[in-house]
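Input: a single structure, listed below in C-alpha cells.
Sequence lines set the chain letters: A, B, ... in the order given, protein chains first and strands last, and positions in each chain run from 1. In this text the structure is predicted, and so the values were computed from the model without any measurement.
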Amino acid sequence: MPRARPYGRSNPPPTAASNPPMSVVTRFAPSPTGFLHIGGARTALFNWLFARHHEGSFTLRIEDTDRKRSTDEAIAAIFHGLSWLGLDHDGNAVFQSNNAARHAEVAEQLIVEGKAYRCYCTPEELTEMRENARNSGGSTRIYDGRWRDRDPAEAPDGIAPVVRIKMPLDGETTISDLVQGDVTRANDTLDDFIILRSDGTPTYMLAVVIDDHDMGVTHAIRGDDHLNNAFRQYHLFEACGWDVPHFAHIPLIHGADGAKLSKRHGALGVEHYEELGILPEAMRNYLLRLGWSHGDDEIIPTEQAIAWFELDSVGRSPARFDMDKLLNLNAHYLKETDPEELAAQIVAIAADTPGTTVSPAAKARLSAGLGGLTKRAKTINELIDSSELYLRDAPLAVNDKAAAILGDPEARQTLGALAEELGKITSWTEAELDQIARNFAESKGLKLGQVAQPLRAALTGSNVSPGIFEVMAVLGRDETLTRLEIAVN
RNA sequence: GUCCCCAUCGUCUAGAGGCCUAGGACACCACCCUUUCAAGGUGGAGACACGGGUUCGAACCCCGUUGGGGACGCCA
C-alpha cells in the first residue's frame, strides 16, 4: 500500500550505510486507571501480532499522564494481564509521566515557532464557548481561537495560561487508515486544542504524539474511539515536522447492550477469565476472531496467527463478546494441552488448598483418568472440580442426587451383590469390568443402567461422571471395593 | 445538536458484480451412539436493515432513509 512515508522516522535519521529494512514498531498504550479489559487485551493482541508478523517490535507505554487517576494497582493489573496472555513486549515499558519535561520542551518550541500559543481563557469563558457552540448548530469546534493571534502583552494577571496548538482554519484532512480506509474531515470542525495544561503538564494529545515519535512507532493500532483524535494528532506531527505513523483504528468490542465496553458495561478484567480457568491460547484465538478473519478458519493457534495476521483483514464493524464461543474454544485447547502438564497443574492447585494432601496413589489415578475428564470440561476449573473423584481417597463427598440413588435399599443390595462378584475376580480392565457388569445385570433381570447408576453414585459421589467402567479401571480394585463397601453400609 | 464510523443467521464471521436457491463457527433443535454427563457423528431451523439508482446482472458499486456506535474535557 503506497503511503507518503511508509516506515519513516525523522529522528534519528537512518544512515545510508546501516540501512536495515525499515522495521515495524507497534505499541500498546493503556492508561492505568483500571484493569486490562477485553477490549484493551484485543488491541494489545493485534499490536503484538502485527509486530511479530513483521518481525518488528511491540512496545508498551503506560499512559499515566493523568494525575491522580493512575494507580499502581492498575499498572500491576496491566502487566499481569499481558503476561498471562503471553503478549511479551520488547524493551522496557515506557512510563509517559517520565517524559513530561520533554513534552513541555516541545510545546515551548512550538510557541517559539509560532505554531502554538498561550491561551488565558478562564474556565467560565470556556464553558460559555461550549454553550455557544451548542446553541449555534452544535459544532464540534468549541474554542473560538480568541488568543490565537492576540498579543501576549494583553495577558491578564493571575491567570496561568494553557498552551494551544494552531490548527488549520480551512481545508480538510484525510487520514489513510489501514483499517478504516481514507477518512476525511473538514478542518473547520477542529479547534485549537490544549497541548499543555496551565500547570505545565502535557495533555494526552501532545504526549502521545511526542512519545510515538520518540519511540519510533510506525503503526498506531488502537480502538476506533481514537479515530477523531487522529486528525488532531496528525496536525501535531506536522507541526513538529515529524512523519505521521500509520494509523489502524480497530472497531471496539461492545457489551451485550451494544454499547462500548467499559467498566460500567460489565467489562471484566482479563484476570477474571484467568480465574475462570480459561487458557491464554484460547483467549488469544477468541480475541483474534473478534474482528479479524482468515476465510472460514476458526481454530487458529498463535503461531498460525502470527504467520497470517494482516491489518487488511480486520473488519470495520464492532463485535460483541460471546462467552459461549470462548468456552467452546477453551474446551478445544484444553484437549490439546499436554496431559502431564495439565495433571501437574491440577495437583499443584489441589495441594495448595489448605488441609488437603494428594497421595501418590491419587496422583497416579488422576494421570490415568484425566483424558476422560478433559473430554467433559470446558475450563480448567471444571476440570479441577471433576478431578476430585480421583484425587480424594475414600470416603468421598456425595451430592444430593447420588445420595438419593444410594438411599434406595434395593440399589444398595444390588451393589452389595455386585461387590461380591467383583471381589472374586483378579484381573481388572475396563473391558472385563464392563462384561462382568453386563452379565451381572442380566442374571438379576436388571437393565445395565440400574446397575451402572448406583455404581456411579457409590464410586464417584455423583450422578455424573466419565464412563463408570473407565472410572473403575482407573480407581483400581482396592479403591473401588473400598468405596463400594462404604456405600453399601 | 455537530462531526466521524458502522450495517450478512441470536452471536462471531466468509463474501472484494455473475462461483450465492449466501458458506463456516458458536449457540439452538432432532436423530444416532449410549451406563449418566459430555465428546463424536448426521440432519434441521436461522441473515444480505429499507428505498432508489448504476449494470445484461448487485450481499458486493453510488445516493438517500432508518438503525447502531464513537467523538466533541486543562480524561486518556
Side-chain angles (χ1 to χ4, degrees), chain A residues 29-33 63-67 69-70 96 119 121 123 126 130 133-142 160-164 175 177 179-181 183-186 188-191 193-199 201-205 207-208 223-231 249 251-252 254 256 258-260 286 289-299 315-329 331 335 372-378 386 401 405 434 437-438 441 447-457 460 462-469:
Chain A
S31 61
T33 54
E63 308 236 313
D64 56 351
T65 306
D66 194 355
R67 337 70 44 133
R69 289 211 293 162
S70 302
Q96 193 157 63
C119 163
C121 286
L126 255 16
R130 218 175 321 261
R134 213 163 258 270
N135 295 335
S136 60
S139 163
T140 49
R141 181 176 206 140
I142 307 297
V162 297
V163 176
R164 288 180 185 271
I175 302 277
D177 192 276
V179 168
Q180 305 289 338
V183 183
T184 299
R185 182 158 178 183
D188 64 12
T189 62
L190 271 8
D191 60 10
F193 59 93
I194 295 171
I195 57 176
L196 217 55
R197 302 185 186 113
S198 53
D199 64 0
T201 60
T203 60
Y204 157 80
M205 217 61 84
V208 178
D224 72 8
D225 49 341
H226 285 287
L227 185 53
N228 288 297
N229 292 335
F231 291 95
H249 290 95
L252 300 174
H254 286 171
K260 179 181 177 179
Y286 177 70
R289 285 291 288 109
L290 232 43
W292 182 87
S293 62
H294 184 272
D296 283 338
D297 295 303
E298 296 287 348
I299 302 294
R316 275 175 296 176
S317 50
R320 295 185 192 206
F321 188 82
D322 179 12
M323 192 63 189
D324 281 335
K325 193 148 183 176
L326 207 210
L327 250 17
N328 175 271
L329 241 16
K335 292 178 189 106
L373 259 24
T374 307
K375 235 192 302 196
R376 294 168 169 76
K378 287 190 184 302
S386 64
K401 287 185 177 167
I405 292 168
D434 189 322
R438 282 175 203 279
K447 282 188 289 188
L448 185 55
Q450 290 174 285
V451 175
Q453 269 313 83
L455 201 47
R456 169 168 291 112
T460 72
S462 167
N463 55 316
V464 173
S465 82
I468 197 60
F469 307 118

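- Listed by chain and number, the residues in a salt bridge (Lys or Arg N to Asp or Glu O under 4.0 Å) with A/D225 are A/K260 (sequence neighbours excluded).
- Applying the ring pair (Phe, Tyr, Trp, His ring centres under 6.0 Å) criterion to A/F321, with sequence neighbours excluded, gives A/Y273, A/Y286.
- Listed by chain and number, the residues in a side chain to side chain contact (heavy atoms under 4.5 Å, CB included) with A/A331 are A/K335, A/K378 (sequence neighbours excluded).
- Closest contact between the side chain of A/V162 and the listed nucleotides B/G69, B/C74, B/G24 involves B/C74.
- Residue contacts for A/P251: at a heavy-atom cut-off of 4.0 Å it reaches no nucleic acid atom on any strand shown.
- Atom C1' of B/C60 sits at a distance of 14 Å from the matching atom of B/C19, rounded to the whole Å.
- Considering only side-chain atoms of A/D324, the nucleotide from B/C74, B/C37, B/A27 that sits closest is B/A27.
- Look at CG on A/D322: it is 5 Å from C1' on B/U11, rounded to the nearest Å.
- Using a 4.0 Å heavy-atom distance criterion, A/H254 is classed as a sugar-phosphate-only contact.
- Put simply, the side chain of A/K375 and the base of B/A38 share no donor and acceptor less than 3.5 Å apart.
- B/U11 is paired with B/A25 under the Watson-Crick or G-U wobble criterion, all donor-acceptor distances under 3.5 Å.
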I'd like a table of atom pairs between the protein and nucleotides 3-5 of chain B - only N or O on both sides, under 3.5 Å - with the distance next to each one.
from: B/C3; atom 1: O2'; to: A/R185; atom 2: NE; distance (Å): 3.0
from: B/C5; atom 1: O3'; to: A/Q180; atom 2: OE1; distance (Å): 3.3
from: B/C5; atom 1: O2'; to: A/Q180; atom 2: OE1; distance (Å): 3.3

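- In this structure B/G73 sits in no base pair that meets the Watson-Crick or G-U test at under 3.5 Å.
- The CZ-C1' distance, from A/R164 to B/C74, rounds to 8 Å in whole Å.
- Every salt bridge (Lys or Arg N to Asp or Glu O under 4.0 Å) that A/R289 has, sequence neighbours left out, goes to A/E298.
- Applying the ring pair (Phe, Tyr, Trp, His ring centres under 6.0 Å) test to A/H254 and every residue at least two apart in sequence or in another chain returns nothing.
- B/U36 and B/A22 are spaced 38 Å apart, taking the P atom of each and rounding to whole Å.
- When each of B/A76, B/A39, B/G70 is scored by its nearest atom to the side-chain atoms of A/L252, the top-ranked nucleotide is B/G70.
- Atoms CG (A/L327) and C1' (B/U11) sit 14 Å apart, rounded to a whole Å.
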Could you list the protein-to-nucleotides 40-45 of chain B atom pairs, N/O on both sides, closer than 3.5 Å?
none

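- Atom CG of A/N135 is separated from atom C1' of B/U2 by 13 Å (rounded to the nearest Å).
- With P as the reference atom, B/G46 and B/G64 are 34 Å apart, rounded to whole Å.
- Base pairing annotation: B/C19 forms no Watson-Crick or G-U wobble pair, as no partner gives both donor-acceptor distances under 3.5 Å.
- Comparing B/C74 with B/G15, their P atoms are spaced 43 Å from each other, to the whole Å.
- Residue-level contact check: A/R134 touches the bases, meaning some heavy atom is under 4.0 Å from a base atom.
- Rounded to whole angstrom, the span from the CD atom of A/Q96 across to the P atom of B/C75 amounts to 13 Å.
- In this structure, B/A30 and B/U42 make a Watson-Crick or G-U wobble pair, each of the two defining distances being under 3.5 angstrom.
- Applying the side chain to side chain contact (heavy atoms under 4.5 Å, CB included) test to A/S198 and every residue at least two apart in sequence or in another chain returns A/A160, A/V162.
- Nucleic acid contact for A/S465: base, since at least one base atom lies under 4.0 Å from a heavy atom of the residue.
- Picking from B/C26, B/A14, B/A39 the nucleotide with the shortest atom distance to the side chain of A/K378 gives B/A39.
- The side chain of A/R130 lies closest to B/C74 when the candidates are B/U11, B/C74, B/A14.
- Between the CZ atom of A/F193 and the P atom of B/C75 there is a distance of 14 Å, given to the nearest Å.
- Taking the P atoms as reference points, B/G70 lies 30 Å from B/C26, given to the whole Å.
- Distance from the side chain of A/N328 is smallest to B/A27 among B/C72, B/A27, B/A71.
- For the pair A/S386 (side chain) and A/L373 (backbone), a donor-acceptor distance under 3.5 Å is absent.
- Separating the C1' atom of B/G18 from that of B/A59 is a span of 13 Å, rounded to the nearest Å.
- Interface remark: the A/T203 side chain does not form any donor-acceptor pair with the B/C74 base, using a distance-only criterion of under 3.5 Å.
- Of the nucleotides present, none pairs with B/A59 by Watson-Crick or G-U wobble criteria with both distances under 3.5 Å.
- Heavy atoms of A/S317 sit under 4.0 angstrom from primed sugar atoms or phosphate atoms, though from no base atom.
- Taking the side chain of A/E298 as heavy atoms from C-beta on, and the options B/A38, B/U13, B/A25, the nearest nucleotide is B/A25.
- Atom CZ in A/R376 sits roughly 11 Å away from atom C1' in B/U35 (whole-Å rounding).
- When each of B/U35, B/C74, B/C12 is scored by its nearest atom to the side-chain atoms of A/I194, the top-ranked nucleotide is B/C74.
- Nucleic acid contact for A/D225: sugar-phosphate only, since backbone atoms but no base atoms lie under 4.0 Å from a heavy atom of the residue.
- Residues A/P466 and A/L326 both approach RNA chain B. Their nearest nucleotides, taken by heavy-atom distance, put A/L326 toward the 5′ side.
- Interface remark: the A/R456 side chain does form a donor-acceptor pair with the B/U35 base, using a distance-only criterion of under 3.5 Å.
- In this structure, A/G467 reaches the bases: a heavy-atom distance under 4.0 Å links it to at least one base atom across the strands shown.
- With sequence neighbours left out, A/T140 forms a side chain to side chain contact (heavy atoms under 4.5 Å, CB included) with A/R185, A/T189.
- Remark on RNA chain B: of its neighbouring residues A/P30 and A/S293, the 5'-side contact belongs to A/S293, judged by nearest-heavy-atom nucleotide.
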Short N/O separations, protein against nucleotides 17-19 of chain B, under 3.5 angstrom:
none

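- To the nearest angstrom, P of B/C33 lies 15 Å from CG of A/L448.
- Candidate nucleotides B/C74, B/A76, B/A25 were compared by shortest atom distance to the side chain of A/K325, and B/A25 ranks first.
- A search for ring pair (Phe, Tyr, Trp, His ring centres under 6.0 Å) contacts involving A/F231 returns nothing, not counting sequence neighbours.
- In this structure, the side chain of A/T201 does not engage the main chain of A/R197 through any donor-acceptor pair within 3.5 Å.
- At a threshold of 4.0 angstrom between heavy atoms, the contacts of A/I468 include nucleobase atoms, whether or not backbone atoms are also involved.
- When Watson-Crick and G-U wobble pairs are counted only if both distances are under 3.5 Å, B/A49 pairs with B/U65.
- Using a 4.0 Å heavy-atom cutoff across all strands shown, A/D297 reaches no nucleic acid atom at all.
- Taking the salt bridge (Lys or Arg N to Asp or Glu O under 4.0 Å) definition, one finds that A/D434 meets it with A/R438, sequence neighbours left out.
- A/F469 comes within contact range of at least one nucleobase, with a heavy-atom separation under 4.0 Å.
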